[in-house]
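Residue numbers start from 1 in every chain, and the chains themselves are labelled A, B, ... in the order their sequence lines are given, proteins ahead of strands. Just so we're clear, the structure is a prediction, and the values are computed from it rather than from any experiment.
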Number of protein chains: 2
Amino acid sequence: MPRPDSARDRILDAFQGLLIASGERAATLDAVAAAAGVSKGGLLYHFASKDALVDGLIERLEAFAAADDERMRAAPEGTVDYVIRTSVEEGTPFDEALIAVSRLAQGSHEKARTTLAAVRARWETAIAADVGDPAVARAIMLVSDGLYYNSTLLGAFGTTDSRDGAMDELLAVLARLTPTASPGPAAAS
Amino acid sequence: MPRPDSARDRILDAFQGLLIASGERAATLDAVAAAAGVSKGGLLYHFASKDALVDGLIERLEAFAAADDERMRAAPEGTVDYVIRTSVEEGTPFDEALIAVSRLAQGSHEKARTTLAAVRARWETAIAADVGDPAVARAIMLVSDGLYYNSTLLGAFGTTDSRDGAMDELLAVLARLTPTASPGPAAAS
DNA sequence: AACACTATACCGTCCGGTCGGTACAGTGCG
DNA sequence: CGCACTGTACCGACCGGACGGTATAGTGTT
């Protein structure tokens, strides 16, 4: 075994991966167990029920979200830049957990929905504080949501290379929204 | 019986409603039949399989989308105004069908995904034609997507009354993005 | 009778969950 | 040391119910 508590993480990874790749329907206990290289009994040893598995994933997301929150506040390029850019940064553990939980939220899983709403709210307040105008902040948040919608539903909208250019372009457009100050990180002053 | 061909529509409505309210998982044949006030046998008389039911819903969406497309091109307030406003106009048959199909697309239903992408593409080209700058068009499309993401996942973001005001505010903010020409034929002043 | 449709019984499969069991690493103690 | 026992990690057969789907008998209208 690679690491002591790796089985739990492997199961969570498998669950997440199945949710992202094939949706809630396909993320059955058997499928998760198989993907994690564990037997069904083994899975249920670590997570006593499917609800427990879901809770485990949500907790994981919350942990990532807390870390992201700190990084966001410390982002040198400003909050807007940070939030927009990380909206499509596929492959990070945080993004994957977020998309997986959003699949869950499409069902009627209440906790998944509220957790997602909380993460979103945190972003929006941070942007509002950075940008000043709450209406502008909402517009920017909606762009971020749209970015997620696209990567979640349609699977990105370009290759990684073209995406970076597209991101710069998008941020340049968005900079027009902030009336005050220059299109910069809204430095302190 | 109310109307001759109402059974089919009622079934589609029920399927749609279940998808929106409780996700793909809950939209089983039994549940759909019960919600439509039809027996399971009755449901399967109209739709030979669950795939046929899904196809029926997608066809319905395509019909609505075609009608919407025409309305959009003829919209007096301009394409942007039309697309943004209809993004949260909950309750219209078109919106409901769209959200229902997007639930399907969260699973691995390929046709649902491509249909959604087609609708989105149609909007984006229309906006691009109206606005000029493709980068601005994409930003606006992302806001529309974000609006859908919100109404889909988090369930709107305000009451109907406050939403109209919020919409006006949002459109005013978005008007700043179009550098050329006036902020659109809307409201003016 | 023919047709459009409904209702129910049923089938095989899959799903979430239980349960009995295995392997093994301790650990306290005589 | 040897032995009894405990806890942790895991396996896989199995169960009841739900699922998608079939088959068929029945009903009301024309």
Side-chain angles (χ1 to χ4, degrees), chain A residues 1-58 100-101 103-112, chain B residues 1-58 100-101 103-112:
Chain A
M1 290 116 210
R3 272 184 297 164
D5 67 325
S6 71
R8 238 187 103 98
D9 286 332
R10 255 176 27 237
I11 291 168
L12 247 20
D13 285 343
F15 185 37
Q16 214 176 60
L18 279 168
L19 282 172
I20 293 172
S22 318
E24 192 193 357
R25 202 97 201 266
T28 66
L29 293 187
D30 288 282
V32 172
V38 188
S39 73
K40 197 173 176 179
L43 191 165
L44 285 157
Y45 171 79
H46 291 286
F47 298 96
S49 69
K50 199 172 190 185
D51 275 344
L53 189 57
V54 170
D55 287 346
L57 190 59
I58 290 177
V101 172
R103 295 279 156 117
L104 254 18
Q106 298 275 327
S108 39
H109 201 98
E110 206 50 51
K111 202 176 172 188
Chain B
M1 289 114 222
R3 269 182 302 167
D5 68 324
S6 70
R8 238 187 102 96
D9 286 332
R10 255 175 27 239
I11 291 167
L12 247 20
D13 285 343
F15 185 38
Q16 213 175 62
L18 279 168
L19 281 171
I20 294 171
S22 318
E24 193 193 356
R25 203 93 201 267
T28 66
L29 293 186
D30 288 282
V32 171
V38 185
S39 72
K40 196 174 170 181
L43 190 164
L44 285 157
Y45 173 79
H46 292 287
F47 298 95
S49 69
K50 199 172 190 185
D51 275 343
L53 189 58
V54 169
D55 287 346
L57 190 59
I58 289 177
V101 172
R103 294 282 156 117
L104 254 17
Q106 297 276 328
S108 36
H109 201 97
E110 206 51 48
K111 200 177 173 189

Asker: Ignoring hydrogens, what is the shortest heavy-atom contact between A14(A) and A35(A)? Give both atom names and the distance.
Answerer: CB-CB, 3.7 Å
Asker: Please determine if a side-chain N or O atom of S39(B) lies less than 4.0 Å away from the OP1 or OP2 oxygen of dT6(C).
Answerer: no
Asker: Between P on dC15(C) and CZ on F15(A), what's the gap in Å once rounded to a whole number?
Answerer: 14 Å
Asker: Base of dG21(D), side chain of K50(B) - is there a donor-acceptor contact under 3.5 Å?
Answerer: no
Asker: If you assign each of G37(B) and A48(A) to its closest nucleotide in DNA chain C, which residue comes earlier from the 5' end?
Answerer: G37(B)
Asker: When the distance from NZ of K40(B) to P of dC19(D) is rounded to whole Å, what number comes out?
Answerer: 8 Å
Asker: Using the side-chain heavy atoms of A7(B), tell me which of these nucleotides is nearest: dG21(D), dC15(C), dT6(C).
Answerer: dT6(C)
Asker: Would you say dC10(D) has OP1 or OP2 under 4.0 Å from some side-chain N or O of H46(A)?
Answerer: yes
Asker: Looking at Y45(A), I'd like to know whether one of its side-chain N or O atoms comes within less than 4.0 Å of OP1 or OP2 on dC10(D).
Answerer: no
Asker: Would you sort out whether H109(B) and I58(B) count as a side-chain contact (heavy atoms from CB on, under 4.5 Å), showing the intermediate values?
Answerer: CA-CA 11 Å; H109(B) 201 97; I58(B) 289 177; 4.2 Å; yes
Asker: Looking at E24(A), is its backbone amide N or carbonyl O close enough to the side chain of R103(A) to form a donor-acceptor pair, meaning the two atoms are under 3.5 Å apart?
Answerer: no
Asker: Give the rounded distance in Å between these two atoms: CZ of R25(B) and C1' of dC14(C).
Answerer: 10 Å
Asker: For R8(A) and dC10(D), what is the distance between atoms CZ and P respectively, to the nearest whole Å?
Answerer: 12 Å
Asker: Taking atom P of dT13(C) as reference, at what distance in whole Å does atom CG of L29(B) sit?
Answerer: 18 Å
Asker: Identify the heavy atoms of A52(A) and A48(A) that sit nearest to each other, and give their distance.
Answerer: CB-N, 3.9 Å
Asker: Nearest-Å distance, CG (L44(A)) to C1' (dG12(D))?
Answerer: 12 Å
Asker: Return the nearest nucleotide to the side chain of T28(A); candidates are dC15(C), dG21(D), dC11(D).
Answerer: dC15(C)
Asker: Begin with the C-alpha distance, continue with both residues' side-chain angles, and end with the deciding distance and a verdict on side-chain contact (heavy atoms from CB on, under 4.5 Å) for V54(B) and F15(B).
Answerer: CA-CA 9 Å; V54(B) 169; F15(B) 185 38; 4.0 Å; yes
Asker: Nearest whole Å is fine: how far is dC15(C) C1' from L53(A) CG?
Answerer: 14 Å
Asker: Using whole Å, report how far CG of D51(A) lies from C1' of dG16(C).
Answerer: 11 Å
